[in-house]
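We use all heavy atoms of the structure for the numbers below, so side chains are in, but hydrogens, waters and symmetry mates are not. Just so it is clear, the structure is predicted and the values come from calculations on it, not from any experiment.
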Amino acid sequence: MRKLDIAALILVIVGALNWGLVALAEFDLVAKIFGMEFGHTDAASRVVYGLVGLSGIWVAARATTLVGRQEQRAHAIA
């Protein structure tokens with residue numbers, strides 16, 4: 001489960017950075033990676049966007065578990 005959590009978190013961060021770039025600079029990183037202009041999509045970019053969306057759902061659903069895991073580590077160290 002830990003590897004899936006890490007992969008999901010990375011995709012959520014990629015999605016957040018992409019939306020930040022869209023808002024601040026009108027630059028779509030995912031579209032650029034796939035050689036397209038801003039706002040255009042193809043099957044590959046839709047897969048990436050879909051994985052980012054599913055990752056967001058995964059991280060949201062597991063947020064209390066993931067945060068609890070970090071709190072347990074902090075208490076163990078202290």
Side-chain angles (χ1 to χ4, degrees):
M1 202 59 89
R2 182 156 161 50
K3 289 181 182 181
L4 186 57
D5 291 336
I6 291 169
L9 185 58
I10 289 168
L11 283 169
V12 167
I13 291 169
V14 167
L17 291 173
N18 192 55
W19 277 111
L21 287 170
V22 168
L24 296 174
E26 293 183 14
F27 180 78
D28 186 345
L29 180 62
V30 175
K32 193 66 163 180
I33 288 170
F34 289 102
M36 295 177 295
E37 295 298 319
F38 180 83
H40 292 99
T41 62
D42 65 1
S45 65
R46 285 193 300 273
V47 167
V48 171
Y49 291 132
L51 289 172
V52 168
L54 289 173
S55 295
I57 293 168
W58 178 264
V59 170
R62 300 225 346 116
T64 55
T65 303
L66 297 172
V67 170
R69 187 184 305 161
Q70 293 301 322
E71 289 176 356
Q72 288 173 355
R73 287 184 185 152
H75 289 302
I77 294 171

Restricting to non-hydrogen atoms, name the atom on M36 and the atom on S45 that form the minimum distance, rounded to 0.1 Å. CE-OG, 3.5 Å
What closest approach, in Å, do A8 and V59 show between heavy atoms, and which atom pair accounts for it? CB-CG2, 3.8 Å
Steps toward side-chain contact (heavy atoms from CB on, under 4.5 Å) verdict (F38, V22): CA-CA 9 Å; F38 180 83; V22 168; 3.9 Å; yes
Could I get the full list of side chain to side chain contact (heavy atoms under 4.5 Å, CB included) partners for [X], not counting sequence neighbours?
{"X": "L4", "result": "W58"}
{"X": "V47", "result": "L51"}
{"X": "L24", "result": "none"}
{"X": "L21", "result": "F27, L29"}

Suppose we screen for side-chain hydrogen bond (donor to acceptor under 3.5 Å, both in side chains). Which residues come up paired with S55, at least two apart in sequence or across chains? none
Among residues at least two apart in sequence or on other chains, which ones pass side-chain hydrogen bond (donor to acceptor under 3.5 Å, both in side chains) with D28? N18, Y49
Could you state whether I33 and V48 fall into the same hydrophobic cluster, counting links through intermediate Ile, Leu, Val, Met, Phe, Trp or Tyr residues with side-chain heavy atoms under 4.5 angstrom apart? yes
Is L54 isolated, or which residues cluster with it under the ILVMFWY side-chain rule of less than 4.5 Å, directly or via members? none
Hydrophobic cluster of I57, others only, ordered by chain and residue number, side-chain cut-off 4.5 Å: none
